[in-house]
Protein chains: 2
Amino acid sequence: MNDKFFKLPLEKQRRIINAAYKVFSENSYKKAPMSEIADESGISKALLFHYFTNKKELYMYLWMNAIEMTRKAVTEYKTLETDDFFEMLKRSLLSKCSLMRDYPHLYAFSLRAYYETAPEIHKSIQENFNDVSKASEMIVFEKIEISNFRKDIELKTMYDEIFYAVDGYMLKKYRSNCIIPDEIEKEIIVLIDFWKKVYTQEV
Amino acid sequence: MNDKFFKLPLEKQRRIINAAYKVFSENSYKKAPMSEIADESGISKALLFHYFTNKKELYMYLWMNAIEMTRKAVTEYKTLETDDFFEMLKRSLLSKCSLMRDYPHLYAFSLRAYYETAPEIHKSIQENFNDVSKASEMIVFEKIEISNFRKDIELKTMYDEIFYAVDGYMLKKYRSNCIIPDEIEKEIIVLIDFWKKVYTQEV
DNA sequence: TCCTTATTGACCGTAACGGTTAATGCAAGT
DNA sequence: ACTTGCATTAACCGTTACGGTCAATAAGGA
């Protein structure tokens with residue numbers, strides 16, 4: 001990894017990183033070509049290899065960057081500083097929307113990276129991830145105030161269901177190539193309001 | 001397309017088709033290699049090309065087969081012969097589970113094929129699909145009895161949300177390489193019961 | 001002008017691709 | 001045992017794509 005990369009204008013850094021996120025989110029590690037990343041970011045392949053010594057290094061940088069940016073966004077939105085489940089959910093998802101404005105394909109990349117099977121990558125990733133994800137689920141269930149929920153539903157099922165839906169929703173957006181943060185933000189809010197009504201309001 | 005393919009033992013046909021569904025569901029059309037399909041199904045690449053004259057033909061056969069099999073399964077489960085939304089949903093999803101027993105990756109293939117961008121493929125697919133999908137959504141909303149639902153929720157949002165969740169659920173199963181029809185069937189039923197309770201029962 | 005740095009076109013060796021073909025194996029019929 | 005006919009494949013072909021390198025060029029500042 002060449003330090004000169006960080007001395008580039010920020011916008012150019014973003015262009016390169018986003019091209020990489022895009023290509024790696026659309027293909028498996030093995031079938032994601034460096035040349036495609038270079039083309040997509042408007043620089044030559046040689047220059048890309050000038051900044052990142054090889055493919056794996058670029059990939060691992062993206063992975064670390066994704067974790068770090070996500071963590072930062074979650075913190076900025078004070079995601080964990082509430083005991084209202086739906087408020088927390090909203091902050092969590094809106095923080096990801098804000099991230100999406102700078103890095104449209106980071107979310108899709110993260111979703112895919114965790115299941116990457118290429119042996120060179122696999123190990124380094126999974127270790128790193130289990131910490132983050134498992135921990136966050138536990139924190140949620142420790143912190144939230146559950147007395148507001150309908151008494152007749154299984155909270156774990158609700159939790160799973162909501163995250164299935166979020167992933168399914170994002171999947172559709174990515175597949176149809178429709179990453180418009182403003183629109184997604186609105187639709188996400190509609191969904192959250194819907195969930196809140198359904199899961200708390202006792203008609 | 002060589003007629004001899006259909007004279008093969010059914011199990012061998014399935015092995016080939018499933019290998020193809022798998023490889024095409026994991027990669028974009030362009031990056032899905034025929035050699036990988038051959039290896040996965042335990043036959044030589046030459047033989048694969050003996051049955052299917054070229055890659056596109058194989059892909060289009062898979063697509064047509066997916067549509068036909070899905071239609072058949074939906075019919076067998078009498079999916080549309082009820083006006084209860086959740087019963088219809090259950091039949092629809094269980095029919096897909098049964099399909100999954102014979103063709104584990106057909107679902108993932110269909111999900112991806114619709115958004116395939118390779119120009120040779122794109123056109124032939126989309127035409128064919130709009131009929132099926134749009135029509136089915138309309139049929140559902142015409143047929144179902146809506147008086148049982150909670151009055152305070154937006155049915156379209158509910159409908160979308162459910163299908164996001166199903167896709168997200170299946171995505172996770174595929175990504176983690178966990179296609180176990182029995183298990184999926186059970187979990188799907190849990191989800192449907194959950195939805196039914198939440199969306200109809202006025203606590 | 002010169003020097004330094006940013007950037008690239010062209011290149012390398014290798015591997016993978018879609019698709020073909022000539023040669024095998026192999027079973028049934030004589 | 002020999003032949004016929006089909007199922008199956010190893011080996012091959014021409015082309016493209018890949019990760020990665022390097023010498024050459026462009027750009028910018030002193």
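Hydrogens, waters and symmetry mates are skipped; everything else that's a heavy atom, side chains included, is used. Letters A, B, ... are given to chains in the order of the sequence lines, protein chains preceding strands, and every chain is numbered from 1.
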(request) Ignoring the backbone of B:P33, work out which of C:dT7, C:dG18, D:dC18 is nearest its side chain. (result) C:dG18
(request) Rounded off to whole Å, could you give me the CG-to-P distance for the A:N27 and C:dC17 pair? (result) 13 Å
(message) Counting distance alone, no hydrogens or angles: does the base of C:dG19 have a donor or acceptor under 3.5 Å from a partner atom on the side chain of B:K45?
(response) yes
(message) Rounding to an integer number of Å, can you tell me how far B:N54 CG sits from C:dT20 P?
(response) 8 Å
(request) Quickly work out the A:F5 CZ to C:dT7 P distance and round it to whole Å. (result) 12 Å
(request) Verify the distance criterion only: is there a donor paired with an acceptor across the side chains of A:Y21 and A:N65 at less than 3.5 Å? (result) yes
(message) Rounded to whole Å, please give me the gap between NZ in A:K56 and C1' in D:dG19.
(response) 15 Å
(request) Measure from CZ on B:F49 to P on C:dA22 and round the result to the nearest Å. (result) 18 Å
(request) Would you indicate which nucleotide in C:dC17, C:dT8, C:dG19 comes nearest to any side-chain atom of A:I43? (result) C:dT8
(request) Remember a base hit wins even if backbone is also touched, and classify A:K12 as base, sugar-phosphate or nothing at under 4.0 Å, heavy atoms. (result) sugar-phosphate
(message) I want to confirm an ordering. Mapping A:Y29 and A:L47 to their closest nucleotides on DNA chain D, which one lands closer to the 5' end?
(response) A:Y29
(request) Select from A:M34 and B:L8 the residue whose nearest nucleotide in DNA chain D is closer to the 5' end of that strand. (result) B:L8
(message) Tell me the interatomic distance from B:H50, atom NE2, to C:dA22, atom P, rounded to whole angstroms.
(response) 16 Å
(request) Remember a base hit wins even if backbone is also touched, and classify A:A38 as base, sugar-phosphate or nothing at under 4.0 Å, heavy atoms. (result) nothing
(message) Would you compute the distance between atom CG of A:N54 and atom CE of A:M60 and round it to the nearest 0.5 angstrom?
(response) 11.5 Å
(request) Pick base, sugar-phosphate or nothing for B:Y51, based on heavy-atom distances below 4.0 Å to the nucleic acid. (result) sugar-phosphate
(message) Among C:dT7, D:dG19, C:dG18, which nucleotide has an atom closest to any side-chain atom of A:K55?
(response) D:dG19
(message) I want to check something: taking the side chain as every heavy atom from C-beta on, are B:F5 and B:I17 in contact at a cut-off of under 4.5 Å?
(response) yes
(message) Could you measure the distance from the OH atom of B:Y59 to the CD atom of B:E116? Nearest 0.5 Å is fine.
(response) 4.5 Å
(request) Side chain of B:S44 only, please: which of C:dC17, D:dT8, D:dC18 is the nearest? (result) D:dT8
(message) Using side-chain heavy atoms (C-beta onward) and a distance below 4.5 Å, is B:L47 in contact with B:H50?
(response) yes
(request) Round to a whole Å and report the spacing from CG of B:L48 to C1' of C:dG19. (result) 11 Å
(message) Rounded to whole Å, how long is the line connecting atom NZ of B:K31 with atom P of C:dG18?
(response) 13 Å
(request) Report which part of the nucleic acid B:K4 touches: base, sugar-phosphate, or nothing (heavy-atom distance under 4.0 Å, all strands). (result) sugar-phosphate
